[in-house]
Amino acid sequence: MAPAKTLDYLSQEKTLESSFVRDESERPKVSYNDFSNEIPIISLAGIDDVDGRRAEICNKIVEACENWGIFQVIDHGVDSNLISEMTRFAKGFFDLPAEEKLRFDMSGGKKGGFIVSSHLQGEAVKDWRELVTYFSYPIKQRDYSRWPDKPEGWKAVTEQYSEKLMSLACKLLEVLSEAMGLEKEALTKACVDMDQKVVVNYYPKCPEPDLTLGLKRHTDPGTITLLLQDQVGGLQATKDNGNTWITVQPVEGAFVVNLGDHGHYLSNGRFKNADHQAVVNSNYSRLSIATFQNPAPDATVYPLKIRDGEKSVLEEPITFAEMYRRKMSKDLEIARMKKMAKEKEVRDSEKAKEKEVRDSEKAKLETKPLNEILA
Ligand code: OGA
Ligand code: NI
């Protein structure tokens, strides 16, 4: 079968197309709507009030970063009308006919646009999602030709949304810098000229959600991610290498904040890079908008502070581009091993079937009277 260009058709099927079927070890262990309240919900009201709530809020953020690398923020100051407009437009894009979405097809390696599953290559199994992505910072590098132009008016809303989220992200990085005993700007400065990328994830209803993932387990590579999700549920996190999972409770108007690998390295491992995935379901489609703040490609990745008695989590300073390249090649290697293991499994089971047939024919022969065999 030709690769699916959108999931419209596949989501109407009774069974899941085999290219989305995950190995048993990777399948969801917890349901999309079995919500946990383990991830703290932190109100940022009063965060600038140095003589007031600031210290208390900062402590909560730092604790969450040390524990999970994930928390949710409310009272964050991003206007709720802007959030609902952004969501409305994003939904509107995925409701467009397939050919409209495919005007922004990025499968040829284009920087930004629409794609099914993932823009990363070499994956053995596909993710059950569609996405549209665009690069919003640095502003001078914006390529508006790769930003969707429909629904009309989305671009202006996106520009505003990107700006507000960039300042919220920087505000959170200030808190973490201070917690490390550094000047407020330490983490943003380490990003040099901060990149921002917006990924709108759309997870259609899925015929057999227990066999697949919307987005496979990963850590975000960058510094800090702000995720806006709808009320359906599906974002999951693990702290024990994928043995147990929790589903993050959706909170209207909140952002889920995730630390990425860059944030983890800069803090010398003190802050966790959230280990997470997204599951899907057969009742509802789901939408999430992830805004990634990343360092510039040539920014140096190395702990900003190594506490007494600690060893650096990195042997040597590397650029963010190099850090990303190593991560990808490791992921590709894992994907390659999994693919080979799967192919071997198929070959072994075919061989076993052939042997079964041969054995049963042999058994039949052995029980037949000699005159029938010779006839
Ligand atoms: C991501 C991500 C989770 C979700 O886009 O990196 O982790 O719930 N998304 O969509
Ligand atoms: Ni992620």
Side-chain angles (χ1 to χ4, degrees), residues 7 26 28-36 39 65 68-73 83 86-87 90-91 93-94 106 112-120 123 126-136 161-162 165 169 195-206 209 212-239 242 245-264 271-281 284-294 324 327-328 331:
L7 295 178
E26 290 183 305
K29 293 192 165 109
V30 180
S31 170
Y32 76 101
N33 58 359
D34 184 0
F35 300 130
S36 152
I39 302 294
C65 290
W68 278 98
I70 304 189
F71 54 100
Q72 303 205 52
V73 291
I83 291 182
M86 183 67 190
T87 309
K91 273 208 182 90
F93 177 83
F94 289 99
M106 65 187 282
F114 170 83
I115 202 159
V116 169
S117 181
S118 171
H119 44 298
L120 307 172
E123 295 291 346
K126 288 195 254 176
D127 288 328
W128 185 262
R129 71 162 173 173
E130 295 181 357
L131 66 90
V132 67
T133 180
Y134 41 90
F135 293 82
S136 35
Y161 185 83
S162 288
L165 267 68
D195 273 10
Q196 187 191 57
K197 177 171 94 161
V198 178
V199 178
V200 186
N201 297 300
Y202 175 69
Y203 305 99
K205 284 184 201 173
C206 177
T212 192
L213 290 172
L215 178 51
K216 73 165 191 176
R217 182 181 161 199
H218 66 283
T219 57
D220 297 342
T223 322
I224 193 166
T225 307
L226 301 175
L227 184 91
L228 181 68
Q229 63 166 335
D230 63 19
Q231 295 302 293
V232 174
L235 171 64
Q236 299 190 329
T238 178
K239 265 203 302 193
W245 289 90
I246 56 125
T247 308
V248 177
Q249 166 92 56
V251 175
E252 187 85 52
F255 289 105
V256 181
V257 183
N258 270 344
L259 284 195
D261 300 339
H262 183 242
H264 176 73
F271 303 137
K272 297 270 167 65
N273 42 351
D275 196 350
H276 60 287
Q277 66 181 16
V279 300
V280 293
N281 72 89
Y284 306 99
S285 63
R286 172 171 177 259
L287 187 92
S288 74
I289 305 174
T291 308
F292 300 95
Q293 278 67 218
N294 296 335
Y324 191 72
K327 179 184 177 77
M328 287 300 124
D331 283 1

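Scope of the values below: all heavy atoms of this structure, side chains included, with no hydrogens, waters or symmetry mates. Quick caveat, the model's predicted, so the values are computed rather than measured. Counting convention: from 1, in listed order, for ligands and their atoms alike.
Residue contact check: Phe292 has heavy atoms under 4.0 Å from atoms 1 (C), 5 (O), 6 (O) of ligand 1. Against a heavy-atom cut-off of under 4.0 Å, Arg286 is close to the following atoms of ligand 1: 4 (C), 8 (O), 10 (O). For ligand 1, the atoms sitting less than 4.0 Å from at least one non-hydrogen atom of Asp220 are 6 (O), numbered in the order shown with element in parentheses. Of all atoms in ligand 1, listed by their number and element, those nearer than 4.0 Å to a heavy atom of Ala290 are 5 (O). The atoms of ligand 1 that sit less than 4.0 Å from any heavy atom of Ser288 are 4 (C), 10 (O).
In plain terms, the two heavy atoms of Asp275 and Arg217 that are nearest each other are OD2-NH2, 2.8 Å. Taking every heavy atom of both residues into account, Glu130 and Val116 meet most closely at CG-CG2, 4.1 Å. Tyr203 approaches Trp128 most closely through the heavy-atom pair CD2-O, 3.5 Å.
Ligand 1 has no nitrogen or oxygen under 3.5 angstrom from a nitrogen or oxygen of Arg129. On a distance-only criterion, Tyr203 and ligand 1 share at least one N/O pair closer than 3.5 Å.
Side-chain atoms of Thr223 do not come within 3.5 Å of backbone N or O of Gly263 as any donor-acceptor pair. Gln249 contributes no side-chain N or O that, together with a main-chain N or O of Thr247, makes up a donor-acceptor pair within less than 3.5 Å.
A distance of 6.0 Å separates OH of Tyr134 from OG of Ser162, quoted to the nearest 0.5 Å. A distance of 9.5 Å separates CZ of Arg129 from CD1 of Ile115, quoted to the nearest 0.5 Å.
Using cut-offs of 30° and 60° on the angle between ring planes, the pair Phe114 and Phe94 is tilted.
Residue-level check: among N/O/S atoms of His276, NE2 sits closest to the Ni ion (ligand 2).
The pair Lys327-Asp261 counts as a salt bridge, with a side-chain nitrogen and a carboxylate oxygen less than 4.0 angstrom apart.
Distances from ligand 1 to the non-hydrogen atoms of His276 include at least one value under 4.0 Å.
The closest protein non-hydrogen atom to atom 5 (O) of ligand 1 is Asn201 ND2, 3.2 Å. Atom 9 (N) of ligand 1 has Leu215 CD2, 3.5 Å as its closest protein atom, hydrogens excluded (heavy atom only). Protein heavy atom in closest approach to atom 3 (C) of ligand 1: Leu235 CD1, 3.8 Å. Summary of contacts: the protein heavy atom closest to atom 6 (O) of ligand 1 is His218 NE2, 3.1 Å.
For the pair Lys272 and Trp68, the cation does not sit on the ring face, since its NZ or CZ is not both under 6.0 Å from the ring centre and inside 45° of the axis.
The OD1 atom of Asp220 and the NE2 atom of His218 meet at the Ni ion (ligand 2) at an angle of about 90°, given to 10°.
Residue contacts with ligand 1, taken as heavy atom pairs separated by less than 4.0 Å, do not involve Gln277 at all.
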